[in-house]
Amino acid sequence: MEVAELGDANGARTAETLLRVVPIGFCLAALVLMIKNSEKNDFGEVSYSNIGGFKYLVYANGLCAAYSLLSAFFTARPGSSPSVRRRAWTFFFFDQVLTYVILAAGTVGAEILYLAYHGDAKVTWSQACDSFGGVCHKATASVGITFGSVACYAALSLFSSYRLFSTFDPPAASDAGAGGIEVAAFPR
C-alpha cells in the first residue's frame, strides 16, 4: 500500500467516524427536548408520554444515538483484513435500517404536530396547540432536530453503501449451468 493510499484510507475513516459522531448530538438533543416536554394548565396536563408517536420518537432517537456511538467506536479502529468485509456489510445493513427507523420517527412526529396545529374536522379533533402551545413548540423543535439526524443517517447510508460496493468485488459467478445462464454464487 502506498503512502497516498494510506492517507486516503485514514482520511476516509476520519470522515466516516465524524459522520457517525454528529448524529449523537442531534439524537440526544431531540430526545432530551422531548422527554422534558410537558405542560399543565386549566385544560389539563399533557406530556410526550401521553402520545405514542412521541414515545416512538424518543425511543428511536435513543437507539440511533447508541448505534452512532458504537459504530463510531468501531469505525475509528482499523480492522483486520478478514473482518473488514464483514464490518462493511454490518455497517451497510444497520445504516440502512436505522435511517428508516429515524425517518419514520420524524415523520410520525411531524404528522402528530400537523394534527395538533390544524386539527381534523372530519373526526372532530380540535387544534391542541391553541391550548398547549408550549408542548407544540418543544415538539416542533424536537422533530426538526430529528430531521437533522435523518440527514446525517441518509449521508451515512450513502457513504457505507459506496464504501461497500466500490471496495469489494461482486461474488464470483458459477459456471454456466443448463441453458447457459450465469448465476451469481455466494461463498459458503
Just by modelled atom types, is the Leu33 backbone N or O under 3.5 Å from a matching donor or acceptor in the Asn37 side chain? no
Hey, are the side chains of Phe94 and Val101 touching, using non-hydrogen atoms and a 4.5 Å cut-off? no
Test of understanding: clusters of I, L, V, M, F, W, Y form through side-chain heavy atoms closer than 4.5 Å, transitively. Do Leu69 and Leu28 belong to the same one? yes
Would Ile35 end up clustered with Tyr56 when hydrophobic side chains under 4.5 Å apart are linked, directly or stepwise? yes
Closest heavy-atom contact between Thr17 and Thr75? OG1-CG2, 3.4 Å
Can you check whether Glu111 reaches Val143 side chain to side chain, under 4.5 Å on heavy atoms? no
Between Thr140 and Tyr117, is there a side-chain donor-acceptor contact under 3.5 Å, judged purely by atom types and distance? yes
Any idea which heavy atoms bring Ile112 and Gly53 closest together, and the distance? CD1-CA, 3.4 Å
As an exercise, state the distance from CG of Leu156 to CD of Gln96, rounded to the nearest 0.5 Å. 10.0 Å
Between the side chain of Asn61 and the main-chain N/O of Val58, is any donor-acceptor distance below 3.5 Å? no
To the nearest 0.5 Å, atom OH of Tyr48 lies from atom CE of Met34 at 9.5 Å
Linking I/L/V/M/F/W/Y whenever their side-chain heavy atoms sit closer than 4.5 Å, directly or via other members, would Val97 and Leu57 fall into one cluster? yes
Going from CG on Asp95 to OG1 on Thr90, what distance comes out if it is rounded to the nearest 0.5 angstrom? 10.0 Å
Can we call the ring centroids of Phe92 and Phe165 under 6.0 Å apart? yes
Report yes if some heavy atom in the side chain of Ser68 is under 4.5 Å from a heavy atom in the side chain of Tyr153; otherwise report no. yes
Option among Ser157, Ser149, Ser160 that satisfies the side chain to side chain contact (heavy atoms under 4.5 Å, CB included) test with Thr99: Ser157
Expected output: side-chain Ser142 to main-chain Lys138 donor-acceptor under 3.5 Å: no
Side chain to side chain, Tyr67 and Leu63, heavy atoms closer than 4.5 Å: no
So if you build clusters from Ile, Leu, Val, Met, Phe, Trp, Tyr with side-chain heavy-atom gaps below 4.5 Å, do Leu98 and Phe73 land together? yes
Going through the checks in order, is the side-chain contact (heavy atoms from CB on, under 4.5 Å) test met by Val150 and Phe147? CA-CA 5 Å; Val150 168; Phe147 278 113; 4.0 Å; yes
Is there a side-chain contact between Phe91 and Arg20 (heavy atoms, below 4.5 Å)? yes
With the 4.5 Å side-chain cut-off for hydrophobic clustering, are Val22 and Ile145 part of the same group? yes
Judged by atom type as modelled, is there a donor-acceptor pair below 3.5 Å linking the side chain of Arg163 to the main-chain atoms of Glu16? no
Side-chain heavy-atom pair Ile102, Thr146 within 4.5 angstrom cut-off: yes
